[in-house]
Amino acid sequence: MKTSMMIAVALVVARVVDANYITASASSAQAFKTATLLKTLSINALIRGEIGVGKSSMARYILPDAPIFDASSYDELLLALESTNQVIITNLENSPNIKKILDFVVVHNIRIIATAGYLYNHEMVDKVFSIKLDIPSLKERPEDVVLLIHKFIKEASFLFGPMETAKFHEIKPDLSRNSHSLRKQIMIHYLLQNISENELMEIVENYLFEKLGSNSDYKNFLHLFEVPLINAGLRKFKSQLQLSDKLGLNRNTLRKKIADNEKYF
């Protein structure tokens with residue numbers, strides 16, 4: 001009989017080039033040991049957590065040779081289960097008939113490593129999965145965030161050429177989608193450091209091309225110029241008084257522009 005276990009762990013499962021995992025904290029290291037142990041045992045495991053915490057990467061580490069399917073691909077998954085003894089199923093909560101899938105897994109004794117959203121549960125979970133790994137968000141693992149930033153900087157450097165790492169020290173990590181949003185942020189920041197004036201204008205042009213269409217577009221999109229200009233000026237000159245002088249604006253005019261775009265400051 002399977003013994004139901006709950007293992008709440010803080011871990012990073014972002015892989016680096018040499019195929020090792022980042023284990024910045026003791027809890028991350030322990031989680032990696034648990035995953036390594038699962039590689040040697042015929043135990044079903046459910047890995048839960050928010051998007052971008054590395055659930056699929058952990059599943060692939062545990063079962064490197066297993067076919068992987070998204071739970072929403074119901075017919076394809078059901079057909080595949082007829083000819084395999086192990087499988088990785090991602091996004092379990094998206095299955096249109098998870099009970100039938102899990103019943104099939106149990107009846108045919110198929111090894112399964114699955115992933116699901118944070119705290120996902122189902123009446124079949126305890127019956128099928130002996131181990132449940134709950135992966136906290138990156139907001140709860142600041143040590144891991146630091147190493148991930150360096151990892152993504154290396155990726156960006158490989159793609160776009162070398163750059164001084166110091167230029168990233170003021171970044172406030174975007175962890176809204178965990179590693180997904182953090183990687184995107186680093187890549188964009190990296191590109192913008194060396195962007196030319198023409199390239200920047202092309203980006204704005206393409207953005208506006210999709211948005212234009214009302215009778216007051218000039219007013220509606222003027223903030224795309226004014227907000228970054230004022231923000232950059234405040235960072236550089238430290239005061240509204242100095243900035244108004246540098247921009248050649250009346251101080252009251254500058255204050256009004258800041259007030260009109262208050263949500264961006």
Result for side chain to side chain contact (heavy atoms under 4.5 Å, CB included) between Y120 and one of V125, T115, N91 points to V125
Check the surroundings of atom OH in Y118: do more than 12 heavy atoms from other residues, nucleotides or ligands lie under 6.0 Å from it?
no
- prompt: Has K236 got more than 12 heavy atoms of other residues, nucleotides or ligands less than 6.0 Å from its NZ?
  reply: no
Heavy-atom closest pair (L77 atom, A71 atom, distance to 0.1 Å) is CD2-CA, 4.5 Å
Open item on the list: Between I101 and F69, is there a side-chain heavy-atom distance shorter than 4.5 Å?
Closed with: no
Single-linkage hydrophobic cluster I203~F209, side-chain heavy atoms < 4.5 angstrom:
no
Got V146 and H150 here, is their nearest side-chain heavy-atom distance under 4.5 Å?
-> yes
Here the gap from L192 atom CG to M187 atom CE, rounded to the nearest 0.5 Å, amounts to 13.0 Å
*Would L191 and I195 show up in the same hydrophobic cluster when neighbours are defined by side-chain heavy atoms closer than 4.5 Å?*
no
**OP:** Measure from the side-chain N and O atoms of R111 to the backbone N and O of L41, and report whether any donor-acceptor pair falls under 3.5 Å.
**Re:** yes
Original post:
Can you hop from L229 to L222 via hydrophobic side chains spaced under 4.5 Å?
Top reply: no
Here the pair of heavy atoms bringing A24 nearest to L147 is CB-CD1, 3.6 Å
For G233 and L243 the tightest heavy-atom approach is CA-CD1, 3.5 Å
Next on the checklist: Keeping S181 on the side-chain end and D174 on the backbone end, is there a donor-acceptor pair under 3.5 Å?
Outcome noted: yes
>> Could you see if V227 belongs to whatever hydrophobic cluster contains L208? Use Ile, Leu, Val, Met, Phe, Trp, Tyr and a side-chain cutoff under 4.5 Å.
In response: no
Query - More than 12 heavy atoms from other groups under 6.0 Å of CG on N250 - result: yes
| Can S196 and N198 be counted as having a side-chain donor-acceptor contact under 3.5 angstrom? | no
Rounded to the nearest 0.5 angstrom, the CZ-OG1 distance for R60 and T90 is 10.5 Å
To the nearest 0.5 Å, atom CD of E226 lies from atom CG of L247 at 10.0 Å
Check: Do the side chains of V128 and F104 join up, straight or via other hydrophobic residues, at under 4.5 Å, putting them in one cluster?
Finding: yes
Report task. Using modelled atom types only, decide if a donor and an acceptor are shared between the side chain of D245 and the backbone of L241 within a distance under 3.5 Å. Result -> no
Checklist entry - Does the side chain of D260 reach to within under 4.5 Å of the side chain of H223, using non-hydrogen atoms? => result no
Between I98 and the options E93, M124, H122, the side chain to side chain contact (heavy atoms under 4.5 Å, CB included) test singles out H122
**Report entry** Whether N97 side chain and K100 backbone form a donor-acceptor pair below 3.5 Å
**Finding:** yes
Q. Is the Y190 to F152 ring centre distance short of 6.0 Å?
A. no
- request: Compare all side-chain heavy atoms of H189 with those of Q193 and state whether any distance is below 4.5 angstrom.
  value: yes
- Atom CG of N109 with >12 non-hydrogen neighbours under 6.0 angstrom: no
- Look at the side chain of Q185 and the backbone N and O of K172, then say whether any donor-acceptor pair between them is shorter than 3.5 Å. yes
Heavy-atom closest pair (I149 atom, P173 atom, distance to 0.1 Å) is CD1-CG, 4.0 Å
For S179 and G52, the nearest pair of non-hydrogen atoms, with its separation, is OG-O, 2.6 Å
Here the pair of heavy atoms bringing N178 nearest to I51 is ND2-O, 2.7 Å
Rounding to 0.5 Å, atoms CG (L249) and CD1 (I230) come to a distance of 7.5 Å
*Salt-bridge contact D126-K132 (side-chain N to carboxylate O under 4.0 Å)*: yes
I'd like to know if the side chain of T36 and the backbone of F32 have a donor-acceptor N/O pair within less than 3.5 Å. yes
